[in-house]
Amino acid sequence: MRSLPEPWRVKVVEKIHLLPREERERLLRDGGYSLFKIPSEAVYIDLFTDSGTSAMSDWQWAGLMQGDEAYAGARNFFHLRSAIQDIFGFPHFLPVHQGRVAENLLFSTLLTRPGMIVPSNNHFDTTRANIETNQGVALDLVIPEGKDPNANHPFKGNMDLERLRRLFEETPRESIPLCMLTLTNNSGGGQPVALANVRATSEMCREFGIPFYIDACRFAENAWFIKTREAGQENRQVAEIVREVFSYADGCTMSAKKDGLANIGGFLASRNEELLETLTQRLIVIEGFPTYGGLAGRDLEAVARGLREVLDENYLRYRIGQVAAFGDKLTGLGIPIMRPTGGHAVYIDAKALLPHIPALQFPAQALSVALYREGGVRGVEIGTVMYASIDPETGKDLPAPMELVRLAIPRRVFTNSHLDYVAEILEHIRDHRDELRGLRMVYAPKVLRHFTATFEELVDEPVAV
Ligand code: F0G
């Protein structure tokens with residue numbers, strides 16, 4: 001597929017440069033082969049995350065100048081309220097400084113005793129962590145196709161409705177305080193959820209009296225997939241699809257660092273006024289007064305404008321097209337990726353690319369290191385470093401189900417020629433893949449170890465473990 005040119009022209013630029021190879025080598029060594037330890041200025045093309053990394057438009061920057069920094073009742077709060085009412089149809093919301101605070105507020109209030117279960121298609125890490133730190137169980141019920149990198153399904157983020165029904169039938173109602181759906185399904189490869197699946201999940205929740213919330217981070221990208229992949233939706237406006245999706249939900253958590261096209265911000269919306277009243281008290285303690293929620297007035301304005309702007313269909317066509325074209329290019333070069341491509345990232349299958357590196361020598365981490373070493377490109381490992389489980393008998397690591405490197409594409413930041421460069425680096429790595437070696441973990445904390453783990457490169461022939 002031919003990629004579309006950018007539907008904007010450039011007004012401001014930010015310099016990036018490629019450090020000499022010896023410098024990149026030194027930074028890798030000094031940072032224990034952790035990409036988290038590399039300073040951003042030493043990265044040439046940074047595909048670590050699409051979160052908080054969007055380029056804002058001239059309209060958003062103009063809005064920053066109209067930030068009202070009053071403690072209470074800033075005008076930008078009302079602008080954001082109108083945007084949320086118009087776009088999602090939720091009458092009430094609480095602003096927060098990023099998505100995980102919305103999760104914290106919700107779960108610390110609704111998980112009233114240990115062992116309560118929160119089902120979702122796939123919980124994102126922070127959602128899971130917020131459920132687990134409140135002694136809940138975060139249950140992933142994505143359809144089986146969602147777990148297979150090669151399964152071809154238009155909506156690999158869908159909820160498995162049969163398993164959800166079984167859970168609802170077998171569990172006392174009071175043990176399931178809410179059910180969620182993540183749009184798009186980040187932990188499952190940025191895969192979308194169909195409108196019919198959102199509706200059916202909502203109806204099932206209603207049947208069993210369970211509140212239904214959406215993790216809305218990438219709501220516009222999800223709606224674009226509905227428009228382009230779901231029968232009967234092709235002639236609708238994205239804005240109309242979004243309204244329908246959220247009409248089925250009792251509320252949502254949102255990180256505006258994604259489809260809010262902002263560098264910071266988020267919110268929690270709910271139709272349950274009593275719940276919001278309780279959460280407001282907590283918000284005041286942990287974030288700030290409910291008309292700013294941990295944000296400056298100017299940030300609220302950037303989010304209010306970003307939420308409207310992200311619905312521009314020329315933008316969405318370009319955005320999803322850019323990710324798809326990048327994925328197609330890699331496939332053409334014989335680089336194995338999760339297919340079809342999702343909304344915000346391409347996921348390289350390191351297990352398939354580097355079959356000679358055993359899982360416990362971290363093939364996806366080795367590939368991330370090679371991307372930086374060869375081209376100053378930064379991606380993130382989503383494999384055994386991040387998701388190993390522990391063997392209860394030996395206490396040793398068990399490999400994660402997949403070894404992926406996520407190349408997340410920030411919104412409106414990189415052109416197709418930047419991505420062509422990344423493809424060339426991967427092509428070079430493909431040609432020299434037999435020379436790549438695994439790693440040995442030399443330091444790892446017990447919780448969320450991928451953030452701070454460090455490694456040594458193995459120099460000998462890899463041995464089977
Ligand atoms: N939900 C999803 C689906 C996310 O992808 C993220 C963040 C959050 C919630 C939390 O939002 O960062 O504003 O607190 N994802 C980022 C990523 C970090 O790189 O995928 P936050």
Side-chain angles (χ1 to χ4, degrees), residues 35-36 40 43 46-54 94-108 118 120-133 138 140 142 146 156-157 159 178 180-193 198 213-222 225 245 249 251-269 283 286-287 293-295 299-300 302-303 306-307 310 323 338 342-347 368 378-382 385-387 404-411 413 448 450-451:
L35 280 304
F36 285 92
S40 148
V43 180
D46 201 347
L47 306 181
F48 217 36
T49 180
D50 66 318
S51 176
T53 50
S54 301
L94 299 176
V96 292
H97 86 271
Q98 61 181 88
R100 65 198 70 181
V101 183
E103 296 163 1
N104 176 320
L105 287 167
L106 198 60
F107 300 128
S108 64
V118 184
S120 182
N121 44 356
N122 279 120
H123 291 283
F124 180 66
D125 318 13
T126 58
T127 323
R128 173 174 297 279
N130 271 302
I131 292 170
E132 289 174 356
T133 51
D140 292 336
V142 73
K156 283 171 90 168
M159 176 75 91
L178 74 159
M180 291 192 84
L181 261 184
T182 312
L183 311 183
T184 56
N185 190 21
N186 186 9
S187 305
Q191 300 292 331
V193 180
V198 178
Y213 279 70
I214 292 178
D215 176 334
C217 290
R218 298 175 180 85
F219 71 97
E221 292 171 4
N222 198 83
F225 282 116
V245 164
C252 76
T253 56
M254 170 76 187
S255 166
K257 299 172 75 173
K258 287 84 170 170
D259 272 353
L261 296 176
N263 302 122
I264 197 76
F267 61 87
L268 186 145
L283 182 80
I286 65 172
E287 282 281 87
L295 292 165
D299 298 327
L300 295 169
V303 175
L307 288 172
V310 79
V323 175
M338 264 186 103
H344 66 292
V346 167
Y347 294 70
S368 309
R378 177 157 66 173
V380 72
E381 193 262 11
I382 305 187
V385 177
M386 193 182 272
Y387 284 130
L404 303 173
V405 173
R406 182 183 81 170
L407 300 178
I409 319 293
R411 294 168 183 78
V413 172
L448 293 173
H450 54 284
F451 288 115

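Below, all heavy atoms of this structure are taken into account, side chains as well, without hydrogens, waters or symmetry copies. Every number for a ligand or one of its atoms is a count from 1 in the order of the listing.
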Notebook entry, point to check: Can you tell me which residue and heavy atom of the protein come closest to atom 10 (C) of ligand 1, and the distance to 0.1 Å?
Noted result: T126 OG1, 3.4 Å

Check: Nearest 0.5 Å, what's the CG-CG distance between N222 and D259?
Finding: 9.5 Å

Notebook entry, point to check: By number and element, which atoms of ligand 1 are closer than 4.0 Å to a non-hydrogen atom of S51?
Noted result: 16 (C)

Next item on the list: Taking the side chain as every heavy atom from C-beta outward, state whether H344 and R406 have any atom pair closer than 4.5 Å.
Entry: yes

Notebook entry, point to check: Among side-chain atoms of D299 and H97, is any donor-acceptor pair under 3.5 angstrom?
Noted result: no

Notebook entry, point to check: Which ligand 1 atoms, with their elements, are less than 4.0 angstrom from a heavy-atom of T182?
Noted result: 3 (C)

Check: What are the atoms of ligand 1, with element, lying closer than 4.0 Å to any heavy atom of C217?
Finding: 1 (N), 2 (C), 3 (C), 4 (C), 9 (C)

Next item on the list: Please report which non-hydrogen protein atom sits nearest to atom 8 (C) of ligand 1, along with the residue it belongs to and the distance in Å to one decimal place.
Entry: F124 CD2, 3.4 Å

Item checked: N122 side, atom CG; D215 side, atom CG - distance, nearest 0.5 Å -> 11.0 Å

Next item on the list: Please write down residue, atom name and distance for the protein heavy atom closest to atom 14 (O) of ligand 1.
Entry: R100 NE, 2.6 Å

Note to self: Show me which atoms of ligand 1 lie under 4.0 Å from any heavy atom of K258.
What the structure shows: 4 (C), 5 (O), 6 (C), 7 (C), 8 (C), 10 (C), 11 (O), 12 (O), 13 (O), 15 (N), 16 (C), 21 (P)

Next item on the list: Go through the structure and list residues passing side chain to side chain contact (heavy atoms under 4.5 Å, CB included) with A262, not counting sequence neighbours.
Entry: V303

Notebook entry, point to check: With a cut-off of 4.0 Å, which atoms of ligand 1 are near a heavy atom of R218?
Noted result: 3 (C), 4 (C), 5 (O), 20 (O)

Item checked: Numbering as shown, the atoms of ligand 1 that approach E103 to under 4.0 Å (heavy-atom distance) -> 1 (N), 9 (C)

Notebook entry, point to check: Any salt bridge between D50 and R411, counting N to O under 4.0 Å?
Noted result: yes

Next item on the list: Looking only at non-hydrogen atoms, find the nearest pair between A220 and V310 and report the distance.
Entry: CB-CG1, 3.8 Å

Next item on the list: Below 4.0 angstrom from a heavy atom of T49, which ligand 1 atoms are there? Numbered from 1 as shown, please.
Entry: 17 (C), 19 (O)

Margin query: Between N130 and T126 (side chain of the first, backbone of the second, donor and acceptor by atom type, cut-off under 3.5 Å), is there such a pair?
Written below: yes

Checklist line | Separation of T253 OG1 from Q98 CD (nearest 0.5 Å) | finding: 12.5 Å

Check: Backbone or side chain, does any N or O of N186 fall under 3.5 Å from an N or O of ligand 1?
Finding: yes

Item checked: Distance-only N or O hit between ligand 1 and T127, under 3.5 Å -> no

Notebook entry, point to check: Of all heavy-atom pairs between V193 and G157, which one has the smallest distance, and what is that distance?
Noted result: CG2-O, 3.3 Å

Checklist line | Heavy atom of the protein closest to atom 13 (O) of ligand 1 (residue, atom name, distance) | finding: S255 OG, 2.7 Å

Check: Hey, are the side chains of F36 and H450 touching, using non-hydrogen atoms and a 4.5 Å cut-off?
Finding: yes

Checklist line | Short N or O distance, R406 and ligand 1, threshold 3.5 Å exclusive | finding: yes

Next item on the list: Would you mind telling me if ligand 1 is within reach of the side chain of K257, the backbone, both or neither, using heavy atoms under 4.0 Å?
Entry: side chain

Next item on the list: Could you tell me the residue and atom name of the protein heavy atom closest to atom 1 (N) of ligand 1, and the distance to it rounded to 0.1 Å?
Entry: D215 OD2, 2.7 Å

Margin query: Starting from atom 21 (P) of ligand 1, what is the nearest protein heavy atom, named by residue and atom, and what distance separates them?
Written below: Q98 NE2, 3.3 Å

